[in-house]
Amino acid sequence: MSGQQYLNALSENATRLGMRLQETFSEHTRDLAITRGSGAGYLDAGGGAGGSGGGVSDEKTRANIRRQLDSGNDREKLDAMKRLVALISKGRNASEYFAQVVKNVASPNLEIRKLVYIYLLRYAEHEPDLALLSINTFQKDLADANPLIRAMALRVLSGIKVPMIGSIVVLAIKKCAGDPSPYVRKAAALAVPKCYELDATHLPALIQILTTLLLRDRSPLSLGSVAVAFQSICPTRLDLLHPHYRRLCRVLVDVDEWGQVEMMELLLRYVRTMLIRPGGGGTVEGEDLDKDIKLFLDSVQPVFQSRNPAVVMAATKVFFYAAPPSYWPTFIAPVLRLLTASREVERVVLVDLLLITKSVPHLFAPYYTRFLVRTDDLTQVKKDKIRLLLRVLTPDNWAAILREFIDYADDTDDGVVSETIRALGRCAARIPESIKQCLTALITMIKSRHDVVVSSAVMELKYLVQSQLSGQAPGVFVGTQAQSPLSIIAHLARRIDDIRHAQARACVLWLVGQYASATEEKGSSAAPEGIADWAPDVLRKLAKSFGSEAALVKLQTVTLAAKLFVLSPGDRRINLLNEYVFSLARYDANYDVRDRGRMLSSLLAGVGLHVNGSSAEERGGVVLRKEQVRLVLFEGKSRTMDEETSFLDDEKVLIGSLARVTGRSMRMDGMLPDWLEKGVESSLRDSDDAPPPPPVPTAISSAGPVRGQKGVSSPPIVLTPTGVSRPSSRSGGAKGPWMDLDSFYAEEEEKEEAEKDEEDEEDEEEEEEESEDGIESGDEHDSGEDKADDVIHNVS
């Protein structure tokens with residue numbers, strides 16, 4: 001055969017092979033129902049079947065699906081079920097095919113049955129009467145050889161919301177709770193809350209199943225669901241966990257991630273209810289820590305390495321609420337690691353950090369750089385970081401954090417700017433060394449062109465001035481004369497026209513009225529006696545614009561007029577301004593302003609104020625003296641609010657609760673029980689299923705594992721005994737006290753050398769004995785020859 005013929009034959013064979021492969025592939029894909037654009041075809045073809053539109057094509061599609069479901073061909077049924085599951089995945093209503101789908105619940109095809117169960121799980125609650133027709137099939141499937149079918153049959157059976165089948169569901173749960181497959185036992189545990197929600201009268205039977213079967217399970221796959229079921233039907237019956245507590249602690253590390261979260265929540269409630277509060281402070285060795293609490297904490301500690309943020313925060317909750325303070329540094333690094341996981345996780349973790357730092361801010365103070373605001377952070381994340389930086393503020397890091405706050409004041413979001421300026425004021429109140437820098441920054445912000453910056457700076461200056469003058473500030477104002485409290489008030493009073501925010505203007509008016517008499521130096525000759533020279537001018541400006549001011553500013557204007565009149569009742573200009581302001585307040589459209597004006601005018605009647613020509617005698621009633629009126633006006637609200645209350649300040653808000661994120665109480669958030677003064681007996685937690693202690697090795701052998709009591713294989717023998725005294729002699733086969741593996745091998749070598757020496761000595765002794773025997777036999781031979789010679793000689 002020539003080369004050309006060989007190439008032609010090879011090409012022909014390759015062509016035939018390609019055609020054969022294509023035919024085989026087409027046949028197999030036809031069996032698997034994989035065609036070109038099949039997924040899109042299912043979704044598009046079911047568009048009208050879900051009721052989203054009308055028309056001839058939609059009716060044809062519905063009729064086609066019904067025909068396929070009623071067909072005797074498994075391939076068509078499978079295709080129809082795939083279309084229905086595709087509709088469910090798109091959120092469309094496919095309940096109109098329920099009757100046709102129920103007929104296929106006993107299909108011998110495993111793939112069809114799986115899809116039918118998925119469909120029934122979705123719509124069994126909406127069509128309970130039709131679902132009852134297939135209960136016998138579900139009960140038969142509970143004995144199916146495939147554990148997936150058994151589990152799905154129980155899920156569908158427990159999902160039928162018909163109270164009359166509650167007893168059947170309980171029997172099915174009991175049967176599946178003893179199933180050899182852990183997946184089926186997990187489905188049984190998840191069916192317990194559904195059955196309890198269906199009919200609460202079955203609670204005793206469900207608790208018995210939970211305690212006798214499910215809680216005794218040793219598979220980590222199902223124990224997480226058992227914890228969910230326990231907290232759903234009997235969250236207060238923690239006494240049922242006594243014999244299972246230690247085993248649940250040991251198996252915690254092997255449970256699935258979401259099961260670990262539920263298990264730690266359950267065990268935390270058990271610990272705080274049944275065990276003694278651990279001692280606080282001191283070192284770990286010096287703390288009076290219960291052995292069961294220590295077992296729980298040691299079991300939770302490896303969970304900090306989990307990749308699931310929920311598991312890490314649940315472990316943090318356990319250590320924060322159940323461990324002594326010396327254990328708390330354990331969760332610092334895992335929690336900080338979550339800040340870089342994602343935006344959503346960062347948002348939740350920051351709220352939990354706010355709850356933690358409320359009690360122990362020193363834990364995270366060295367890591368304040370992890371909480372610095374980034375430009376791409378969400379608005380709420382920025383606010384939480386600013387609050388967190390304020391919490392971890394210390395005399396060591398205040399300078400760096402203060403520079404960050406001043407930089408954050410230029411943010412584009414008004415809420416972040418307000419939160420930052422508020423943090424500046426709280427920084428000055430907490431750290432006396434930072435007062436000078438904070439005041440300088442706040443006074444500079446008053447000159448800003450943005451109303452939000454000006455109003456926030458004014459309110460914080462009002463807070464600082466009021467704290468200082470009322471004696472609540474931790475330190476004194478330091479710096480130049482321009483930064484004294486009264487000079488700040490005078491500066492704000494002269495810039496009242498530049499402050500346009502209603503709340504900020506009201507703050508300035510309150511400061512002017514409250515501290516108008518506290519003059520540092522003698523005022524000008526034009527100023528009334530006993531009043532600062534800038535106070536009457538503020539009242540004059542506000543009286544001119546009274547009609548256009550906000551209600552909050554009007555209320556403070558009326559109060560300012562009353563305070564200045566009490567300080568200088570004999571001044572004619574103050575009296576005329578008061579009459580004018582009270583006349584405007586009397587006919588104001590806001591009823592709060594009218595009531596405030598009427599109340600203050602009646603209060604000042606005894607001092608000498610005459611509004612509309614009426615005197616105190618004409619008004620009647622109780623008349624107060626000047627000192628009494630001054631006490632009411634100036635001493636009523638002289639103290640400041642140290643901190644703004646937040647929902648997170650409530651002690652009921654716990655780490656891991658939903659309320660910490662939503663900012664309101666949630667029904668699903670549980671309460672953490674308080675510690676008991678004396679816990680229950682530790683012997684109640686002793687159980688028969690506890691692993692026996694490993695037997696103490698008496699000899700080392702390579703023949704195989706040493707069998708302990710009851711045929712239980714002991715763990716590998718450790719060559720380094722701890723605290724066990726050994727005799728120095730080697731009688732009875734006992735070994736010496738090895739400190740490490742080298743010592744063991746060295747002693748073995750010495751023993752082998754000693755044995756060799758003994759063997760050599762024995763060999764030498766045997767050789768000597770043999771040589772002596774040879775000499776004696778030679779002597780005897782010589783003596784025998786001598787005797788023979790004597791006999792021969794005598795005969796001769």
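Excluded from the calculations below are hydrogen atoms, water molecules and symmetry mates; all remaining heavy atoms, backbone and side chain alike, are included.
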For D352 and V335, run side-chain contact (heavy atoms from CB on, under 4.5 Å): C-alpha distance rounded to whole Å, both residues' side-chain angles, the deciding distance at 0.1 Å, then the answer.
CA-CA 9 Å; D352 288 332; V335 171; over 6 Å; no
side-chain contact (heavy atoms from CB on, under 4.5 Å), that's the test. Do F331 and I356 meet it? Break it down for me.
CA-CA 11 Å; F331 58 75; I356 295 175; 4.2 Å; yes
Could you walk me through whether V454 and D451 pass the side-chain contact (heavy atoms from CB on, under 4.5 Å) test, one step at a time?
CA-CA 5 Å; V454 175; D451 294 341; 5.6 Å; no
Let me see the working for R594 and D588 under salt bridge (charged side-chain N to carboxylate O under 4.0 Å, His left out), right down to the final yes or no.
CA-CA 6 Å; R594 296 198 301 268; D588 194 81; over 6 Å; no
Output, in order, the C-alpha distance, side-chain angles, deciding distance and verdict of side-chain contact (heavy atoms from CB on, under 4.5 Å) for R391 and F371.
CA-CA 11 Å; R391 290 277 178 87; F371 313 133; over 6 Å; no
Residue pair E346, R374: steps toward the salt bridge (charged side-chain N to carboxylate O under 4.0 Å, His left out) verdict:
CA-CA 12 Å; E346 182 185 22; R374 299 189 300 267; 3.5 Å; yes
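Side-chain atoms of S568 never come within 3.5 Å of backbone atoms of F565 as a donor-acceptor pair (strictly under, hydrogens ignored). In this structure a side-chain-to-backbone donor-acceptor pair under 3.5 Å is present from S548 to S545. Judged by distance alone, the side chain of N578 and the main-chain N or O of I574 form a donor-acceptor pair under 3.5 Å. No donor-acceptor pair closer than 3.5 Å links the side chain of R272 to the backbone N or O of D674.
Between R337 and S306, the shortest heavy-atom contact is NH2-O, 3.4 Å. Summarising the geometry of E257 relative to V311, their closest heavy-atom pair is O-CG2, 3.3 Å, with the distance given to 0.1 Å. Nearest heavy-atom pair, L390 versus A423, reported as atom, atom and distance to 0.1 Å: CD1-O, 3.7 Å. Shown here for W328 and A323, the closest heavy-atom pair between the two residues is NE1-O, 3.4 Å. The two atoms that bring A365 and N397 nearest to each other are O-ND2, 3.7 Å, heavy atoms only. Taking both residues in full, the closest heavy atoms of P395 and I431 are given as N-CD1, 4.2 Å, listed atom of the first, atom of the second, then distance.
Rounding to the nearest 0.5 Å places OG1 of T357 at 11.5 Å from NE2 of H362. To the nearest 0.5 Å, the span separating CG on L297 from CZ on F319 amounts to 5.0 Å. From L354, atom CG reaches atom CZ of R387 across 7.0 Å, with rounding to the nearest 0.5 Å. Separating the OG1 atom in T559 from the CG atom in L509 is a distance of 9.0 Å, to the nearest 0.5 Å. The CZ atom of R494 sits 10.5 Å away from atom CG of L492, with the distance rounded to the nearest 0.5 Å. Between atom SG of residue C427 and atom CG of residue L393 there is a gap of 4.5 Å, rounded to the nearest 0.5 Å.
The pair D376-R343 counts as a salt bridge, with a side-chain nitrogen and a carboxylate oxygen less than 4.0 angstrom apart. Here E419 does not pair with K382 in a salt bridge; the nearest charged N to carboxylate O distance is not below 4.0 Å. With respect to the salt-bridge test (charged N to carboxylate O, under 4.0 angstrom), the residues K541 and D537 qualify.
Looking at heavy atoms from C-beta onward, N590 lies out of side-chain contact with K554 at the 4.5 angstrom threshold. Side chains of Y321 and L654 form a contact here, defined as non-hydrogen atoms less than 4.5 Å apart. A heavy-atom distance below 4.5 Å is not found between the side chains of Q556 and R505. Inter-residue side-chain proximity for L576 and R572 is flagged as met; some heavy-atom pair is nearer than 4.5 Å. Put simply, the side chain of W675 reaches to within 4.5 Å of the side chain of V271, judged on heavy atoms. By the 4.5 Å heavy-atom criterion applied to side chains, L372 and L389 are counted as neighbours. With a 4.5 Å cut-off on side-chain heavy atoms, V360 and F320 count as touching. Residues L464 and L442 meet the side-chain proximity criterion, which asks for heavy atoms closer than 4.5 Å.
Around atom CD of Q503, no more than 12 heavy atoms belonging to other residues, nucleotides or ligands sit under 6.0 Å away.
In this structure, R426 forms a cation-pi arrangement with Y463, its terminal cationic atom sitting closer than 6.0 Å to the ring centre and no more than 45° off the ring axis.
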